[in-house]
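Notes follow the structure.
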Amino acid sequence: MPNSTVLKACEQTEIDLSGAADWVPFDAPALVGDSLRFVSGDSRGDRFRARYYRDAEQHLHARFWLGPEAEGPPGHAHGGAVAAIMDEALGLAAWAAGYPIVVGNLNVSFRNMLPLRKVVTVESRVVSVEGRKIMVHGRIFRGEKTFAEAQCLCITIPGK
Ligand SMILES: CCCCCCCCCCCCCC(=O)SCCNC(=O)CCNC(=O)[C@H](O)C(C)(C)COP(=O)(O)OP(=O)(O)OC[C@H]1O[C@@H](n2cnc3c(N)ncnc32)[C@H](O)[C@@H]1OP(=O)(O)O
C-alpha cells in the first residue's frame with residue numbers, strides 16, 4: 001500500500017485525547033498564539049495530536065498522540081519528536097504559571113522507546129523560581145511506563 005494511503009487513513013481516525021476526570025481543558029493558543037503550531041497546531045495531523053489540561057492545583061498536563069510522521073526507530077517516536085514535545089509542554093507550563101519565558105536549556109532522558117499511535121500523557125511541574133530562572137520538570141508516560149523525563153530551564157523575557 002503506498003504511504004500516502006496509509007497517511008490518509010490515519011488522518012481520518014479520531015483519536016481520544018480526553019483528560020482525567022478532574023482536569024479542565026487549557027486553551028494554550030489563547031495564551032501563546034501561533035507559538036504552538038510546530039508541535040500541537042494540527043489537530044488532524046499525522047505527526048502530533050495534542051490536548052492540554054490543568055488539574056485542580058493548576059499543574060499543566062497533556063495527552064499526546066504521535067503518528068507515522070513522528071517515526072524514528074521503526075514503530076516508535078523519533079527522539080527529536082519527544083524533545084519537541086518536552087520543549088513545548090514544559091515551556092508552556094511556565095507560561096501557564098504566569099512566567100513569559102523562552103527555553104534556555106532542555107535536558108531530556110529517553111527511558112523507553114515511545115510507541116506510535118498510542119495516547120501518552122505529559123505531566124509537568126514548575127519546581128523552582130530563582131529570579132529569571134524558572135525550572136520545570138516533566139515526564140511522558142503511559143500507565144506504569146515512563147518514556148522520557150526532562151528538566152527544562154526557562155528564562156523570563158525582559159519586558160514581557
Ligand atoms: C517573544 C514571545 C515568545 C513567545 C513564546 C511562546 C512560547 C510558548 C511555549 C512554547 C515553548 C517553546 C519554548 C521554545 O522553544 S523557545 C525557543 C528556544 N529557545 C531559544 O531560542 C532561546 C534562545 N536563547 C535566548 O534567547 C537567550 O539566551 C536567553 C533569553 C535564554 C537568555 O538570554 P538573556 O541575555 O536574556 O539572559 P542571560 O544570558 O543574562 O541569562 C539570564 C540568567 O539565566 C542563565 N541562563 C541563560 N541561559 C542558560 C542556559 N542555557 N543554561 C544555564 N543557565 C542559563 C544565565 O546564566 C543567567 O543567570 P544568572 O547569571 O543571572 O544567575
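Counting starts at 1 for both ligands and their atoms, following the listed order.
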Identify the closest protein heavy atom to [atom]: which residue and atom is it, and at what distance?
{"atom": "atom 11 (C) of ligand 1", "answer": "Asp87 O, 3.6 Å"}
{"atom": "atom 41 (O) of ligand 1", "answer": "Arg132 NH1, 4.4 Å"}
{"atom": "atom 2 (C) of ligand 1", "answer": "Lys160 CE, 3.7 Å"}
{"atom": "atom 30 (C) of ligand 1", "answer": "Val102 CG2, 3.7 Å"}

key: Non-hydrogen atoms of Tyr52 and Leu60 that approach each other most closely   = CD2-CD2, 3.8 Å
query = Which heavy atom in Val119 sits nearest to a heavy atom in Asp16, and how many Å separate them?
reply =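 Looking at all heavy atoms of both residues, the shortest contact is CG2-O, 3.6 Å.
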ask   = Are Glu14 and Arg44 close enough for a salt bridge, meaning some N to O gap below 4.0 Å?
value = yes
ask   = Is the shortest distance from a Lys or Arg side-chain nitrogen in Glu149 or Arg139 to a carboxylate oxygen in the other one below 4.0 Å?
value = no
Within 6.0 angstrom of His137 NE2, more than 12 heavy atoms from elsewhere =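 Enclosed: over 12 neighbouring heavy atoms sit under 6.0 Å from NE2 of His137.
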Report, in ascending order of atom number, the atoms of ligand 1 lying under 4.0 Å from any heavy atom of [X].
{"X": "Asn105", "value": "51 (N), 52 (N)"}
{"X": "Leu153", "value": "52 (N), 53 (C), 54 (N), 55 (C)"}
{"X": "Val32", "value": "8 (C)"}
{"X": "Gly104", "value": "50 (C), 51 (N)"}
{"X": "Trp95", "value": "4 (C), 5 (C), 6 (C), 7 (C)"}

Backbone N/O of Thr146 and side chain of Asn112: donor-acceptor pair under 3.5 Å = yes
With only distance considered, is [X] within less than 3.5 Å of ligand 1 through an N or O on each side?
{"X": "Ser35", "value": "no"}
{"X": "Ile101", "value": "no"}
{"X": "Glu88", "value": "no"}

With rounding to the nearest 0.5 angstrom, report the [atom1] to [atom2] distance, [X] to [Y].
{"X": "Ile101", "Y": "Leu153", "atom1": "CD1", "atom2": "CG", "value": "9.5 Å"}
{"X": "Ile85", "Y": "Ser40", "atom1": "CD1", "atom2": "OG", "value": "9.5 Å"}
{"X": "Phe147", "Y": "His76", "atom1": "CZ", "atom2": "NE2", "value": "8.0 Å"}

Exercise check, heavy-atom protein proximity under 4.0 Å to [atom]:
{"atom": "atom 19 (N) of ligand 1", "value": "yes"}
{"atom": "atom 28 (O) of ligand 1", "value": "no"}
{"atom": "atom 63 (O) of ligand 1", "value": "yes"}
{"atom": "atom 15 (O) of ligand 1", "value": "yes"}
{"atom": "atom 33 (O) of ligand 1", "value": "no"}
{"atom": "atom 60 (P) of ligand 1", "value": "yes"}
{"atom": "atom 56 (C) of ligand 1", "value": "no"}
{"atom": "atom 52 (N) of ligand 1", "value": "yes"}

ask   = Which is closest to atom 47 (C) of ligand 1 by heavy-atom distance: Ile157, Val39, Ile155, Leu92?
value =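 Selected option, by shortest heavy-atom distance: Ile155.
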ask   = Just going by heavy-atom distances, which of Leu31, Leu36, Val103 is nearest to atom 13 (C) of ligand 1?
value =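 Among Leu31, Leu36, Val103, the closest heavy atom to atom 13 (C) of ligand 1 belongs to Val103.
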So do [Y] and [X] actually touch side chain to side chain, heavy atoms under 4.5 Å?
{"X": "Phe64", "Y": "Arg49", "result": "no"}
{"X": "Val102", "Y": "Cys154", "result": "no"}
{"X": "Asp55", "Y": "His61", "result": "yes"}

ask   = Who pairs with Arg132 by side chain to side chain donor-acceptor pair (under 3.5 Å), at least two apart in sequence or on another chain?
value = none
